[in-house]
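Everything on this sheet refers to the single structure shown next.
In this text, all values refer to a predicted model and were calculated from it rather than measured experimentally. All values below were derived from every heavy atom in this structure, side-chain atoms included, with hydrogens, water molecules and symmetry-related copies excluded.
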Protein chains: 2
Amino acid sequence: MKSQTSLSDDLRADAARNRARVLEVARERLAAGDAELPMNTIARDAGVGVGTVYRHFPSREALLESLAMGGFERLVVEARKAADDDNPGAGLERLLRYGVRSQIEDVGLAAVLRSSGSARAETSRLRGDLLEAVGRLLERAREAGAIRPGIGADDIRRLSCGIVYAVRVGDGDLDEIERYADVLVDGIRPRS
Amino acid sequence: MKSQTSLSDDLRADAARNRARVLEVARERLAAGDAELPMNTIARDAGVGVGTVYRHFPSREALLESLAMGGFERLVVEARKAADDDNPGAGLERLLRYGVRSQIEDVGLAAVLRSSGSARAETSRLRGDLLEAVGRLLERAREAGAIRPGIGADDIRRLSCGIVYAVRVGDGDLDEIERYADVLVDGIRPRS
DNA sequence: TGCCATACGGATACGTCATCCGTTTGCGAT
DNA sequence: ATCGCAAACGGATGACGTATCCGTATGGCA
């Protein structure tokens with residue numbers, strides 16, 4: 001079974017090599033905290049021309065999406081697990097914590113989750129899958145009285161992004177994420 | 001009593017006029033939804049040279065701060081009122097709702113609140129005032145059992161920014177703000 | 001081995017930020 | 001009134017990033 005995300009099929013050998021190099025460099029730079037990620041410097045560091053970068057990734061958005069695919073797929077898996085959990089309330093809490101933590105660790109994933117559009121078809125599909133699973137989860141959680149009414153799957157997405165944002169708006173103490181996730185988790189419970 | 005923010009004292013007549021024009025144009029553009037706010041187009045629309053814009057406002061940050069001063073001062077007033085409220089829990093909730101609503105209505109204020117640094121001394125002072133008042137409010141709210149322990153004034157600032165962000169991450173339904181504010185308000189209550 | 005579709009690379013056009021400096025102008029002094 | 005100069009002006013300019021375009025190079029199949 002081939003990876004769903006490789007896309008290196010049908011590519012000429014040099015093309016596949018360059019694509020991989022660009023992705024690798026971008027991943028390093030992102031991990032090193034360079035949120036700007038200028039395309040021309042990526043090209044330089046990868047030892048290719050700018051044109052080559054743009055051919056593989058028509059925009060920075062597309063590049064970030066490609067970097068985030070793995071994390072996005074894992075998130076969808078988690079969402080489905082949560083949706084099938086015997087205890088939907090617990091599943092939702094677990095998913096929320098997993099989601100915000102992933103976004104803190106992976107800036108690219110955070111960028112993809114917060115944008116409603118997408119440069120790659122694959123991303124749209126995953127977004128749909130995610131919202132579907134979360135929707136199912138929410139429905140069960142509502143029935144179980146674990147969550148207040150009026151909160152939809154997209155609210156969960158947006159609020160998660162907001163919490164991640166709140167963590168980043170600060171002097172970089174990314175450990176706050178658990179505390180802030182607490183606030184979100186408790187905030188969506190039914191009002192007492 | 002002179003306005004604290006005019007700053008047009010000591011300015012030559014033409015300088016004061018240009019400064020006002022720039023501010024006016026920037027405010028219009030911001031209200032019209034242009035979040036980019038390119039300095040050179042502001043200069044063009046205000047009928048001045050770019051240099052003039054930069055002399056008055058060394059960076060876009062500084063310009064946004066100047067625009068936000070009024071809203072920021074009103075926010076501090078609200079915070080102090082809340083800190084003196086007989087019911088600190090109610091005061092906190094009122095302040096939170098006021099704060100997020102203000103940020104939704106005023107992009108400049110949101111920008112200033114989310115940044116920890118500041119281009120103008122006035123802004124630093126206001127930020128200090130705000131955090132002081134919120135700190136006082138939180139202390140009283142904690143004593144009254146209206147808020148969980150471990151949440152500080154800066155957490156409130158960051159979480160508010162996060163909620164505002166969550167509202168903006170979407171297709172522009174800014175009305176969501178009340179629903180999302182509910183989540184924040186309930187999320188910082190003591191755990192039951 | 002030769003062909004050519006595919007991919008490469010970097011020159012190029014464009015837009016924005018921010019600065020610098022020669023020119024203009026407001027305004028207090030005379 | 002007018003003079004002189006500090007203050008302010010304006011826009012040319014350089015640095016930087018995005019995105020495109022096209023002549024050149026090359027991988028891989030016949």
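- One interatomic measurement links the two molecules: CZ of B/F57 to C1' of C/dT19, which rounds to 18 Å at whole-angstrom precision.
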Could you go step by step and tell me if B/R179 and B/D182 meet the salt bridge (charged side-chain N to carboxylate O under 4.0 Å, His left out) rule?
CA-CA 5 Å; B/R179 281 174 52 225; B/D182 289 344; over 6 Å; no

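- Shown here for B/I151 and B/L138, the closest heavy-atom pair between the two residues is O-CD1, 3.5 Å.
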Passes salt bridge (charged side-chain N to carboxylate O under 4.0 Å, His left out), B/R142 versus B/E139? Steps please.
CA-CA 5 Å; B/R142 256 192 309 269; B/E139 212 167 317; 5.2 Å; no

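- Applying the side chain to side chain donor-acceptor pair (under 3.5 Å) test to B/S118 and every residue at least two apart in sequence or in another chain returns B/S124.
- Nearest-nucleotide assignment on DNA chain C puts the 5′-proximal partner with A/A15, out of A/A15 and B/P38.
- With rounding to whole Å, A/E36 atom CD is found 13 Å from C/dC17 atom P.
- A/I42 places its CD1 atom 16 Å from the C1' atom of C/dG9, with the value rounded to the nearest Å.
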Which is it for A/R189 and B/D186 under the salt bridge (charged side-chain N to carboxylate O under 4.0 Å, His left out) test, yes or no, and what are the steps along the way?
CA-CA 8 Å; A/R189 293 236 167 87; B/D186 292 348; over 6 Å; no

Would you sort out whether A/D129 and A/R80 count as a side chain to side chain contact (heavy atoms under 4.5 Å, CB included), showing the intermediate values?
CA-CA 9 Å; A/D129 290 353; A/R80 286 181 171 148; 3.5 Å; yes

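- When all heavy atoms are compared, the tightest approach of B/A181 to B/V100 is CB-CG2, 4.1 Å.
- Every residue meeting the side-chain contact (heavy atoms from CB on, under 4.5 Å) condition with A/A15, not counting sequence neighbours, appears here in chain and number order: A/L11, A/R12, A/H56.
- Rounded to an integer number of Å, the gap from NE2 of B/H56 to C1' of C/dT19 is 16 Å.
- Remark: side-chain polar atoms of A/E122 are not paired, donor with acceptor, to backbone N or O of A/M69 under 3.5 angstrom.
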Below 3.5 Å between N/O atoms, which protein atoms pair up with nucleotides 27-30 of chain C? Just atom names and distances, please.
{"residue": "C/dC27", "atom": "OP1", "partner": "B/A13", "partner atom": "N", "Å": "2.9"}

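- The distance between atom CG of A/L63 and atom P of D/dA19, rounded to the nearest whole Å, is 11 Å.
- Between B/Y54 atom OH and D/dA8 atom P the separation is 19 Å, expressed in whole Å.
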Quick one, give me the B/S/- string for nucleotides 11-16 of chain D, reading 5' to 3', where B means a protein heavy atom under 4.0 Å from the base and S means that only happens at the primed atoms, P, OP1 or OP2.
B-----

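- Overall bending of the helix from C/dT1-D/dA30 to C/dT30-D/dA1, expressed as the angle between end axes built from five pairs apiece, is 10° (10° steps).
- Regarding A/R21, its CZ atom lies at a distance of 14 Å from the C1' atom of C/dG9, rounded to whole Å.
- Going from atom CG of B/L64 over to atom C1' of C/dC17 covers 15 Å, rounded to whole Å.
- Under the side chain to side chain contact (heavy atoms under 4.5 Å, CB included) test applied with A/L126, the options A/V76, A/V112, A/L131 reduce to a single match, A/V76.
- Within the 4.0 Å cut-off from OP1 or OP2 of C/dC8, at least one side-chain nitrogen or oxygen of A/N18 is found.
- Not counting sequence neighbours, the partners of B/R21 by the side-chain contact (heavy atoms from CB on, under 4.5 Å) test are B/R17, B/N18, B/A46.
- Mapping B/R17 and B/P58 onto DNA chain C by nearest heavy atom places B/P58 closer to the 5' end of the strand.
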